[in-house]
There are 2 protein chains.
Amino acid sequence: MAAFPADRVEQAAWICNARGQTLTPLRRRVFEIVLAADRPIGAYDVLDMLAAERGRVAPPTVYRSLDFLVGQGLVHKVLSVNGFVACSAAARPHDAQLFICGSCGSSVEVARQLRAGLIEEEAEALDFAIESVVLEVHGRCHACRLATAP
Amino acid sequence: MAAFPADRVEQAAWICNARGQTLTPLRRRVFEIVLAADRPIGAYDVLDMLAAERGRVAPPTVYRSLDFLVGQGLVHKVLSVNGFVACSAAARPHDAQLFICGSCGSSVEVARQLRAGLIEEEAEALDFAIESVVLEVHGRCHACRLATAP
DNA sequence: GGCTGAATGTTATGTTATGTCATTCCTCCG
DNA sequence: CGGAGGAATGACATAACATAACATTCAGCC
C-alpha cells in the first residue's frame with residue numbers, strides 16, 4: 001500500500017481503503033466541501049453546494065455521506081451548532097474536543113487530551129461503560145476578542 | 001424570605017423569586033413534567049402532555065417555558081439527544097456534566113467537577129474566553145450492563 | 001382609567017433529519 | 001455469458017425539532 005499521503009483528501013481516501021471502505025466520488029466531494037469550510041457547516045449548506053454543481057440533491061444523499069464520513073472519523077458532528085467539521089487528525093478515530101467561537105462561528109479542534117481521568121473515575125464509580133464523550137467549549141476566540149476590545 | 005424548601009418544585013419557585021423572576025403556573029407545570037420524567041424528555045413530549053391537560057398547545061408555549069427554565073439553570077438541555085432534563089443542583093447555575101445511557105435513555109448528572117483545569121489551560125493558550133462547556137458522556141449504565149451480561 | 005411590561009396565545013414557517021422503496025453499478029460465481 | 005448479491009445512490013415523502021412575528025391577556029402602578 002502506498003505511503004500516507006500529504007493532501008487531506010488523499011489521506012481520507014487512504015484511510016478508507018485501509019479499512020476496506022470506499023471514498024466514492026460523492027463522499028469525496030462532500031468531504032472536500034466540509035474541508036473547504038473552515039468552520040462547522042450545516043448539512044443543508046453542503047446540500048446547496050452539491051445542488052449547485054449537479055442539480056437536485058435530496059437530503060438523504062448528503063446525510064448518508066456525512067454519516068459515512070463521521071463513521072470513519074473524517075468529520076466530526078458538532079452538536080451545539082448542528083454542523084459538521086473536518087477532523088484535524090483523522091488517522092485514528094477519537095472523540096472531538098472543540099473550541100467554538102459564538103461570535104464568528106469558527107472552531108478549533110484540540111488534539112491534546114483535555115480530560116484527566118476524572119471522567120473515567122466517575123464512570124467507574126457509576127459502573128458506566130463509556131462509549132463516547134462529547135466535549136464542546138463555547139466562547140469567544142482570539143480574533144473576535146481583539147476585534148471588540150481594541 | 002422563607003428558608004430554602006425541600007420540594008424541588010418549591011425550590012425552583014424560591015430560586016426564581018430570589019432573582020426577581022416568576023415561576024408562573026405554566027412554567028411550574030413544565031418543570032414538573034420535566035422533573036417527572038427521570039430522563040431527558042423532548043420538547044414535543046412535554047407539549048403532548050400539556051396538550052392532554054389543557055387542549056391545544058403550540059410549540060412556542062413549550063419552548064418559551066423550557067428556555068426560561070434553562071436560563072434559570074433549573075433544566076439542562078441535552079444536546080446529544082435533543083432533550084431536556086431537570087437539574088439536580090439548580091441553586092447555582094453551572095454547566096451540566098451528564099452520563100447518558102444509550103440503551104435505556106437515562107441520564108445522571110454529576111456534581112463533582114470532572115475537569116481538571118486542562119480545558120482552561122488550553123483556552124488560555126488559545127486566548128479563548130470560555131462561556132460554557134458541554135460535557136456529555138455516552139455509554140451504558142449500570143442497570144443496562146447487568147441486564148445484558150447476566 | 002389607562003399605561004406599561006411580562007407572559008402567553010396563535011399562526012405560520014424555518015431548520016434539521018430520517019424512513020422507505022427504486023435504481024444503478026460492480027463483482028463474484030457458476 | 002448471465003444472473004445473484006451487495007454497496008451506493010437516487011427519489012419521494014414525512015418526521016422531528018425549533019423559531020419568527022404579531023395578537024391578546026392580565027397584573028401592577030401612576
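All chains are named by letter (A, B, ...) in the order of the sequence lines, taking the proteins before the strands, and each is independently numbered beginning at 1.
Counting heavy atoms from C-beta on, the side chains of A:Asp95 and A:Leu135 never come closer than 4.5 Å. Residues A:Phe68 and A:Cys16 are in side-chain contact: their nearest non-hydrogen atoms beyond the backbone lie under 4.5 Å apart.
If you take CG of A:Leu50 and C1' of D:dT9, they are 12 Å apart, rounded to a whole angstrom. B:Leu79 has its CG atom 13 Å from the C1' atom of D:dC17, to the nearest Å. Regarding B:Tyr63, its OH atom lies at a distance of 17 Å from the P atom of C:dG14, rounded to whole Å. Taking atom CG on B:Leu66 and atom P on C:dA7, their separation rounds to 15 Å, with Å as the unit. Spacing between atom CG of A:Leu47 and atom P of D:dT9 amounts to 15 Å, rounded to whole angstrom units. Taking atom CZ on A:Arg56 and atom P on D:dA11, their separation rounds to 7 Å, with Å as the unit. Atom CG of A:Asp48 is separated from atom C1' of C:dG14 by 13 Å (rounded to the nearest Å). Rounded to whole angstrom, the span from the CG atom of B:Asp67 across to the C1' atom of D:dA20 amounts to 13 Å.
Using a 4.0 Å heavy-atom cutoff across all strands shown, A:Arg64 reaches at least one base atom of the nucleic acid.
Where B:Phe68 and A:Gly42 meet DNA chain C, the nucleotide closest to each residue was compared, and B:Phe68 sits on the side nearer the 5' end.
Recorded end-axis angle for the helix from C:dG1-D:dC30 to C:dG30-D:dC1 stands at 10°, based on five pairs per end and rounded to 10 degrees.
Among the nucleotides C:dG9, D:dT9, C:dG19, the one closest to any side-chain atom of A:Pro60 is C:dG19. Listed nucleotides C:dT10, D:dT19, C:dA7 differ in distance to B:Thr22; the shortest reach to its side chain belongs to C:dA7. Of the listed nucleotides (C:dT10, D:dA18, D:dA13), D:dA13 has the atom at the smallest distance from the side chain of A:Pro59. If you check D:dC12, C:dT10, C:dG9 against the side chain of B:Leu26, the one that comes closest is C:dG9.
Residues A:Leu114 and A:Ile130 are members of one and the same hydrophobic cluster, defined by side-chain heavy-atom contacts under 4.5 angstrom among Ile, Leu, Val, Met, Phe, Trp and Tyr.
Of all non-hydrogen atoms in A:Val81 and A:Pro40, the two that sit nearest each other are CG2-CB, 3.8 Å.
Phosphate contact (OP1/OP2 of C:dA17, side-chain N/O of A:Asn82, threshold under 4.0 Å): present. When the side-chain nitrogen and oxygen atoms of A:Thr61 are compared with OP1 and OP2 of D:dT9, none of them lie within a distance under 4.0 Å. Proximity of A:Thr24 to the phosphate of D:dT9: a side-chain N or O atom is located under 4.0 Å from OP1 or OP2. Distances shorter than 4.0 Å separate none of the side-chain N or O atoms of B:Lys77 from OP1 or OP2 on D:dC17. For the OP1/OP2 pair of D:dA8 and a distance below 4.0 Å, the side-chain nitrogens and oxygens of A:Arg27 include at least one atom meeting the criterion.
Side chain to side chain, B:His94 and B:Gln113 fail the donor-acceptor criterion of an N or O pair below 3.5 Å.
The base of D:dA15 does not come close enough to the side chain of B:Tyr44 for any donor and acceptor atom to sit less than 3.5 Å apart.
Screening residues 20-29 of chain B for salt bridge (Lys or Arg N to Asp or Glu O under 4.0 Å), with sequence neighbours left out, gives B:Glu10-B:Arg28, B:Arg29-B:Glu32, B:Arg29-B:Glu53.
At a threshold of 4.0 Å, the pair A:Glu122-B:Arg112 counts as salt-bridged, since one of the basic side-chain nitrogens sits closer than that to a carboxylate oxygen. The existence of a salt bridge linking A:Lys77 and A:Glu136 is excluded, since no basic side-chain nitrogen approaches an acidic carboxylate oxygen closer than 4.0 Å.
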